[in-house]
Amino acid sequence: MGRAALLASAVALAACGHRTVIMGVAMPDGCEGDRALDSDRCMGWVFDQIELAAGVPVYPDPAIQSYVARIGERLVRASGDPRHWTFHVLDSSAVEAHAGLGTTVYITRGAIATLRDEAELAGLIGHEIGHGLANHPHESYEEMVRGLPRDDDARASREAQDNEIQADALAVVLVARAGYDPRAVETMLRAIAGAEGTPDPDKYPTHPGWAERVTRIRALLADYPAGGDRDAERFRTTVASLAVGDDPRRAAVVGDALVFAEAGVAYDVPGDAKVDDGVATASIDGTIATLRPISPLAASALQPHYDDDGFNIASRGPRGALLIMVPGPHGQQIARALRDHARPPRPDELARIHPRLVDLGAPRALWPAVPP
Amino acid sequence: MRAAFTARVYRLVVAAALAGCAHPALAPRAADPCDSPAASTVRTDRRAMSFERPAIGVARITAIDIVGVAPALADALRAVLVTKVDDMLDQAPLADDLRRMWALGVISDARIDVALAPHPYLTRSGAADAIVTFTLAPQPVIARVSGADRPELARLRWLAGTLDEPARVARVARAIELAYHRAGQIDAKVAVRRAVAAGGVALCVAAAPGPRVTISSIAFPGRHAVPERVLADSIHGGKQQINHVGGIYDGPALAEDASWMLDPYYERGMIETTIGAPQVARHGNRLAVAIPVHESPVYRIGVVRVVGGLGVPPLALVAGQVFVRSKAYAVPGAIARVTSGAGETQLVYSRIDQEARTVDLVYRTDWREPWDALRSWPAPSR
């Protein structure tokens, strides 16, 4: 995947008068000139633009986006933090969430699909807000920019795990202050753990084991009285239309065509084609071409070029764009041919595309299977 | 039948915590915990587990109780125990259980009691029935954080409501201290004391940011050949007010700039010049920075050779000239221009003769595809 190249193309900082412009969007007030790189607020905004342009796209459901933002704002109000926070739901089936530098929180639709009420969703968002309040993204960023030596990996791992524990605890604090049932943080953790399985400590040196996290949450909850909102019905009503697994609206194989309904573009590919988490591959004359939805902004910044993934070129549709990457000696020829033969999806193709919606009544795999 | 008496013969006593502090309920309370340190300082000492060996033969565990913590937490802790009902009573797994519970960071004190019932010699199996009781004190919660009203201390405020983790508190305080230092407040100290408070412990923060200490002058003792302004301009950080007059001092950043300070010397043939460790003298809130320069003699070009498969015209470098690094590095580009890109040139060898004070240079020029087919360059005249 040419993500590195795409990022490099996306980070096109251009001075426009006194205002720095990134991907055609002017930086916020107070971030002009040299000050752009001096504060978490400004750099957080830069990273957010890059993440949205070149990373996983935002889930195209305004109702769910605003729902998550409302919960996030309720938690921020409860925290007393005066800053403006931004919340994005990303269009990925992976179960993930993270806090950006500054005051931005990202959560995938895959993570939301593992939850069953608003209080659990608040717990997940509260965990990420907790990272931001405790300044954890800033620490990581500072280590990166200052090139701080990481000569003690064991210590770094311990600190990263301690950051997770603190974020869990702050999730309990924020959720309770916002009027939700803080016990939802425990069920949220067990639901995420059930979806992910038990992490291997060697593979996840930045996160403590689930047993430790759940036990620590229980220790904190002992001091909280029972009660608080769960808001299961509002959650069910709002996220009932949430897609789970691969969303065929992003990319789907329909007959002999690769159809990108959201972008409004299709390609006839008579060879083998498949889609994995929104990224399509097609075999063309024995060469594997990869087609990945990207934002129109990223497409406008991308110049055709070769990199480790082969020849990269952008292909635009009326509502979105694709990054086409083709390796090999004929990469450029095949990629350009694909781009030049892009067509709008036919109505009969669109009629065959149905996302699988979340089943909120289905039992879920809470970790551990038998509650401790 | 549950124990009628607590067995004096087989008593495991875990005297106190492996880490952490006493439960706040054990200590006297103060109205404002941070105002009365003597009465409310939380114990943070560390004592070892101790076991008394049993005098009896064997006992089988018939029940395991966990008391002193909330039922939900007790259930969670029970799940990590190695010791199970029906196991034979043994010291090693019980010690292991304690370690496992400690590792979770949720208890501050623990004791194991074993009660035997009804009498070891009366049971059908010949083994006594043992009831193991873990008496735990929960890790206290940070109930309040006092003295952390400054915006830069917000990270300490956000420890409120979390379990008290002394290592985390110390790490956060140290990180804030470092942030002060990086902003030029090099005397800054952030100290955190614990006191017992209603609902847990109070963190009493005492932050003394101190004044911003700035650079009053930067001198380069030993400098003669290069203007002072040139050396000062080779130091980075001017826009951020770092390592410049009026700005703050950043030792590691200045050390990285030493190689930039050498640049003008390499352009003057003084290739053995070294930059010493900066000497910083403090006068109140001002710092006088001295960066020692040890200038070297001037070196001249010795032998210059070009090897490889490509013939090249004479170079601009001539033996006896003062060595200028930028000119030496410009040779590959100059060769590429006269060969129209047919060759690729690298500086493959340089030798410094400290007695003769000369620098020998060897370049290698190779044909580049597809020009390597034209090995007859320069073309013979017809």
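Note that these values count all heavy atoms, side chains included, but never hydrogens, waters or copies made by symmetry. Here is how names work: the chains are called A, B, and so on, in the same order as the sequence lines, proteins then strands, and each is numbered from 1.
We find that E165(B) and R216(A) are joined by a salt bridge, their nearest charged nitrogen and carboxylate oxygen being less than 4.0 Å apart.
Separating the CG atom in L156(B) from the CG atom in N135(A) is a distance of 11.0 Å, to the nearest 0.5 Å. Rounding to the nearest 0.5 Å gives a distance of 8.5 Å between CZ of R218(A) and CG of L73(B). Summarising the geometry, atom CG belonging to D162(A) is positioned 5.0 Å from atom CZ belonging to R171(B); distances are rounded to the nearest 0.5 Å. Distance check: I129(A) CD1 to W158(B) CH2 gives 9.5 Å after rounding to the nearest 0.5 Å. Between atom OG1 of residue T215(A) and atom CZ of residue R78(B) there is a gap of 13.0 Å, rounded to the nearest 0.5 Å.
For I165(A), the parts lying under 4.5 angstrom from a heavy atom of chain B are both the backbone and the side chain. When heavy atoms are compared at a cutoff of 4.5 Å, A253(B) does not approach chain A at all. For A179(B), no part sits under 4.5 Å from any heavy atom of chain A, backbone or side chain. The part of R177(A) that comes within reach of chain B is its side chain, from C-beta onward, which places non-hydrogen atoms under 4.5 angstrom from that chain. In this structure, chain B has heavy atoms under 4.5 Å from both the backbone and the side chain of N163(A).
Counting heavy-atom pairs closer than 4.5 Å to chain A, the top residue among V106(B), L104(B), T162(B) is L104(B).
The minimum heavy-atom distance linking V173(A) with A160(B) is given by the pair CG2-O, 4.1 Å.
Using a 4.5 Å cut-off on side-chain heavy atoms (C-beta onward), Q166(A) and R155(B) make no contact.
Within a 6.0 Å radius of NE2 in H181(B), more than 12 heavy atoms belonging to other residues, nucleotides or ligands are found.
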